[in-house]
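These notes are about the structure you will find just below.
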Amino acid sequence: MKIFSLHESPYEPVSHDPQLKKRVITRGTLPCVQHVSHIIMRPGDRVSEHTHKNAFEVMYCIGGAAVFIVNGLKVSLNQGNLLSVEPGDSHSIAEIREETELLYFLVEA
């Protein structure tokens with residue numbers, strides 16, 4: 001058994017958008033999971049388009065709402081929704097209208 005604490009995790013920049021700060025709850029300690037991270041985004045925040053060649057990115061919306069663009073399609077992620085982006089899928093966050101809290105996992109393909 002392992003317990004990981006959000007509150008003991010330091011803030012660090014998001015690699016493709018360093019102006020955004022996330023907390024990595026765990027990195028490399030779970031089989032097949034590269035990291036589990038938490039972020040709170042504010043209105044006007046954006047995440048630039050990017051891909052993960054060999055990983056799924058799984059995002060769970062704890063609160064708020066975000067508009068993602070996945071392979072050119074608009075996808076709304078609302079509180080309680082989970083979005084899985086497949087390896088190689090181009091994705092971004094195009095719009096945050098209210099404070100939005102996401103928990104996300106990068107999982108090896």
**Report entry** hydrophobic_cluster_shared for Val58 and Val75, side chain cutoff 4.5 Å
**Finding:** no
Query raised in the report: Taking C-beta and beyond as the side chain, do Ser9 and Val24 meet within less than 4.5 Å on heavy atoms?
Result: no
Query - Distance-only side-chain donor-acceptor flag, Ser5 / His7, under 3.5 Å - result: no
Query raised in the report: Where do Pro18 and Pro13 come nearest, in terms of heavy atoms and distance?
Result: O-CB, 3.5 Å
Query raised in the report: Leu30 versus Phe4: any side-chain heavy-atom pair under 4.5 Å?
Result: yes
Query raised in the report: Which atom names give the shortest non-hydrogen contact between Glu98 and Gly64, and what distance separates them?
Result: OE1-CA, 3.7 Å
Requested in this report: Looking only at non-hydrogen atoms, find the nearest pair between Gly63 and Gln79 and report the distance.
Outcome: CA-CG, 3.9 Å
Query raised in the report: Is the backbone of Ser90 close enough, under 3.5 Å, to the side chain of Asn71 for a donor and an acceptor to pair up by distance?
Result: yes
Query raised in the report: How far does OG1 of Thr26 sit from CD1 of Ile3, to the nearest 0.5 angstrom?
Result: 12.5 Å
Requested in this report: Mind checking the CG-CG spacing from Leu77 to Leu102? Nearest 0.5 Å is all I need.
Outcome: 6.5 Å
Query raised in the report: Out of curiosity, His35 NE2 to Leu106 CG, how far, rounded to the nearest 0.5 Å?
Result: 4.5 Å
Query - Residues Phe68, Lys74; criterion side chain to side chain contact (heavy atoms under 4.5 Å, CB included); working and verdict - result: CA-CA 6 Å; Phe68 284 74; Lys74 257 187 181 180; over 6 Å; no
Requested in this report: Measure the CD-CG distance between Glu12 and Leu20 for me, rounded to the nearest 0.5 Å.
Outcome: 12.5 Å
Query raised in the report: What do you reckon, is OH of Tyr11 surrounded by more than 12 foreign heavy atoms closer than 6.0 Å?
Result: no
Report task. Dump the intermediate steps for side chain to side chain contact (heavy atoms under 4.5 Å, CB included) on Leu103 and Ile25, then the final yes or no. Result -> CA-CA 10 Å; Leu103 183 66; Ile25 300 167; 3.7 Å; yes
Query - Side-chain donor or acceptor of Arg23 paired with backbone N/O of Pro10 under 3.5 Å - result: no
Report task. Could you go through the side chain to side chain contact (heavy atoms under 4.5 Å, CB included) check for Met59 and Phe105 one step at a time? Result -> CA-CA 7 Å; Met59 288 150 283; Phe105 306 73; over 6 Å; no
Report task. Taking the side chain as every heavy atom from C-beta outward, state whether His38 and Ile62 have any atom pair closer than 4.5 Å. Result -> yes
Requested in this report: For residues Glu86 and Glu57, determine if any side-chain heavy atom of one lies less than 4.5 Å from a side-chain heavy atom of the other.
Outcome: no
Requested in this report: Check Ala94 against Ile69 and note the closest heavy-atom contact, atom names and distance.
Outcome: CB-CG1, 3.8 Å
**Report entry** Aromatic plane relationship, His50 with His16 - under 30° parallel, 30 to 60° tilted, over 60° perpendicular
**Finding:** parallel
Report summary line: Value for CD1 (Ile40) from NZ (Lys22), rounded to nearest 0.5 Å, stands at 15.0 Å
Query raised in the report: Shared ILVMFWY cluster between Met41 and Val14, side chains joined below 4.5 angstrom?
Result: yes
Query - Closest contact, heavy atoms only, Ala65 versus Ile96 - result: O-CD1, 4.0 Å
Query raised in the report: Linking I/L/V/M/F/W/Y whenever any side-chain heavy atoms sit under 4.5 Å apart, do Phe56 and Val85 land together?
Result: no
Query raised in the report: Hey, mind stepping through Ile39 and Lys21 against side chain to side chain contact (heavy atoms under 4.5 Å, CB included) and telling me if it holds?
Result: CA-CA 7 Å; Ile39 191 167; Lys21 304 295 183 224; over 6 Å; no
Requested in this report: Taking all heavy atoms of Lys53 and all of Pro87, pick out the closest pair and write down the distance.
Outcome: O-CB, 3.5 Å
Query raised in the report: Would Ile93 and Val70 show up in the same hydrophobic cluster when neighbours are defined by side-chain heavy atoms closer than 4.5 Å?
Result: yes
Query raised in the report: Hey, is the main chain of Thr29 close enough, under 3.5 Å, to the side chain of Lys2 for a donor-acceptor pair?
Result: yes
Query raised in the report: Does the pair Ser48 and Asp17 meet the rule for a side chain to side chain donor-acceptor pair (under 3.5 Å), with working shown?
Result: CA-CA 7 Å; Ser48 60; Asp17 290 287; 3.0 Å; yes
Query raised in the report: Is there a chain of hydrophobic side chains (I, L, V, M, F, W, Y, each step under 4.5 Å between heavy atoms) that links Tyr104 to Leu82?
Result: no
